[in-house]
Amino acid sequence: MENKKRIVVFASGSGTNFININENIINGRVVLLISNNPKCGAIDYAKKNDVDYQVINDFRYPKDKNKEYETVLNDYQPDVILLAGFMKKIPNNIIQLYKNKIINIHPSLLPKYGGQGYYGIKVHEAVIESKDSVTGVTIHFIDNEYDRGPIIMQTEVPVNDFDDANTLSKRVLEMEYKLYLKVVELFCSNKIQIEKDKVIINE
Ligand code: GAR
């Protein structure tokens, strides 16, 4: 019997973090991609590479109780859910059902440049605008606010004088691939626990 952890990824955009995890993960297996955007790169890749996918963009239900996510996730029984550039808020019923099993990646050193309105290139534009000399990557368990919840790992990325938002985003993205894969491997090997909102890592 296969004992690899079952991973469901949520992505809305080009999906390069999703692709990186799908292609390189050892202790887990991506069993499903969920997207709100049928035309995104993540869905394109899933179609071409035989990854199960579902497009869910249903606003008939109240935001805090989305039955469609619940039904689909129940069918796929994930051990962990990864948000990888997913631009919708995860409804409260899903956060409760998968408590401490939903992980997000964000391209800044949270709590800086997080929250509604800070996503993708907008984060890097804000860093450049503020003339910060360092930015980075944060990986965290989610709670019911955008880009908030117990932090698992962070890595710094220096901001160079010649950087603009595009050059910076490329370097941060390279770091995202490394850090997300590392965290997911650790989680899939039962080496990341959370007790009373405190993350414990046994590397
Ligand atoms: C990544 O930089 C990720 O950290 C960011 O969106 C990008 C998705 O890229 N996520 C957020 O901003 C979440 N607030 P990808 O689709 O190529 O993986």
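Because only heavy atoms are used, hydrogens play no part in the values below, and waters and symmetry mates are left out as well, while side chains stay in.
Annotation: side chain of V31 is not in contact with side chain of P78 (no heavy-atom distance under 4.5 Å). Under the 4.5 Å side-chain criterion, counting only non-hydrogen atoms from C-beta, E70 is in contact with N93. Side-chain contact between Q116 and D147 is absent, with no heavy atoms from C-beta onward closer than 4.5 Å. Put simply, the side chain of I21 reaches to within 4.5 Å of the side chain of L82, judged on heavy atoms. For the pair I34 and V9, the minimum side-chain heavy-atom distance is 4.5 Å or more. Side-chain contact check for M153 versus I201: some heavy-atom pair is nearer than 4.5 Å. I43 places a side-chain heavy atom less than 4.5 Å from the side chain of C40.
Listed by chain and residue number, R171 satisfy the salt bridge (Lys or Arg N to Asp or Glu O under 4.0 Å) test with D163 (two or more places apart in sequence, or in another chain). Residues forming a salt bridge (Lys or Arg N to Asp or Glu O under 4.0 Å) with K112 (at least two apart in sequence, or on another chain): D132. With sequence neighbours left out, the salt bridge (Lys or Arg N to Asp or Glu O under 4.0 Å) criterion links K182 to E203.
With S35 contributing its side chain and V55 its backbone, the two residues share no donor-acceptor pair below 3.5 Å. Remark: the backbone N or O of Q77 is not paired with any side-chain donor or acceptor of N74 at under 3.5 angstrom. No donor-acceptor pair closer than 3.5 Å links the side chain of S189 to the backbone N or O of K191. The backbone N or O of Y76 lies less than 3.5 Å from a partner atom in the side chain of R6, making a donor-acceptor pair. Under the 3.5 Å distance criterion, the side-chain polar atoms of K5 are left unmatched by any main-chain donor or acceptor of N27. In this structure, N49 contributes its side chain and V51 its backbone to no donor-acceptor pair below 3.5 Å.
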May I have the list of side-chain donor-acceptor pairs in residues 119-127 shorter than 3.5 Å, sequence neighbours left out?
none

Between side-chain atoms of residues 134-143 and protein atoms elsewhere (two or more places apart, or another chain), which donor-acceptor pairs fall under 3.5 Å?
unit_1	atom_1	unit_2	atom_2	d
T138	OG1	S108	O	2.6
T138	OG1	L110	N	2.9
T138	OG1	Q154	NE2	2.9
H140	ND1	R148	O	3.3
H140	NE2	N104	ND2	3.0
D143	OD1	E145	N	2.9
D143	OD1	R148	NE	3.4
D143	OD2	R148	NE	2.8
D143	OD2	R148	NH2	3.0

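The structure places CG of D52 at 6.0 Å from CG of L32, a figure rounded to the nearest 0.5 Å. One finds the CG atom of N37 at 13.5 Å from the CD1 atom of I56 (value rounded to the nearest 0.5 Å). The CD1 atom of I105 sits 10.5 Å away from atom CE of M175, with the distance rounded to the nearest 0.5 Å. Separating the CD1 atom in I7 from the SG atom in C188 is a distance of 4.0 Å, to the nearest 0.5 Å. Atom CG of L83 is separated from atom CD1 of I90 by 5.0 Å, given to the nearest 0.5 angstrom. In this structure, CD in E68 is found 7.5 Å from CD in Q54, a value given to the nearest 0.5 Å.
Between F10 and the choices Y98, F18, Y69, the ring pair (Phe, Tyr, Trp, His ring centres under 6.0 Å) rule is met once, by Y69. For the side-chain hydrogen bond (donor to acceptor under 3.5 Å, both in side chains) with E176, the lone residue among N17, T16, T155 that qualifies is N17.
Note on V80 and I94: separate hydrophobic clusters, where clusters join Ile, Leu, Val, Met, Phe, Trp and Tyr whose side-chain heavy atoms are under 4.5 Å apart, directly or indirectly. Hydrophobic clustering (side-chain heavy atoms under 4.5 Å, transitive across Ile, Leu, Val, Met, Phe, Trp, Tyr) keeps F86 apart from V183. Cluster annotation: L181 and F187 are assigned to the same hydrophobic cluster (Ile/Leu/Val/Met/Phe/Trp/Tyr, side-chain heavy-atom contacts under 4.5 Å, transitive). No chain of hydrophobic side-chain contacts below 4.5 Å, direct or via other Ile, Leu, Val, Met, Phe, Trp or Tyr residues, connects V30 to V72. Linking Ile, Leu, Val, Met, Phe, Trp and Tyr residues whenever their side-chain heavy atoms come within less than 4.5 Å places V172 and I103 in a single cluster.
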- Under the side chain to side chain contact (heavy atoms under 4.5 Å, CB included) criterion, do V159 and K131 qualify, and how do the steps go? CA-CA 8 Å; V159 183; K131 301 195 170 12; over 6 Å; no
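In this structure, a donor-acceptor pair under 3.5 Å is present between the side chains of N22 and Y45. A side-chain donor-acceptor contact under 3.5 Å links S12 and N36. In the model, N20 has no side-chain atom that pairs as donor or acceptor with a side-chain atom of E23 under 3.5 Å.
A salt bridge between K198 and E195 is absent, with no side-chain N of the basic residue lying under 4.0 Å from a carboxylate O of the acidic one.
The two atoms that bring P150 and I194 nearest to each other are CG-CD1, 3.6 Å, heavy atoms only.
Apart from L173 itself, the hydrophobic cluster it occupies contains Y177, where clustering links Ile, Leu, Val, Met, Phe, Trp and Tyr at side-chain heavy-atom distances under 4.5 Å.
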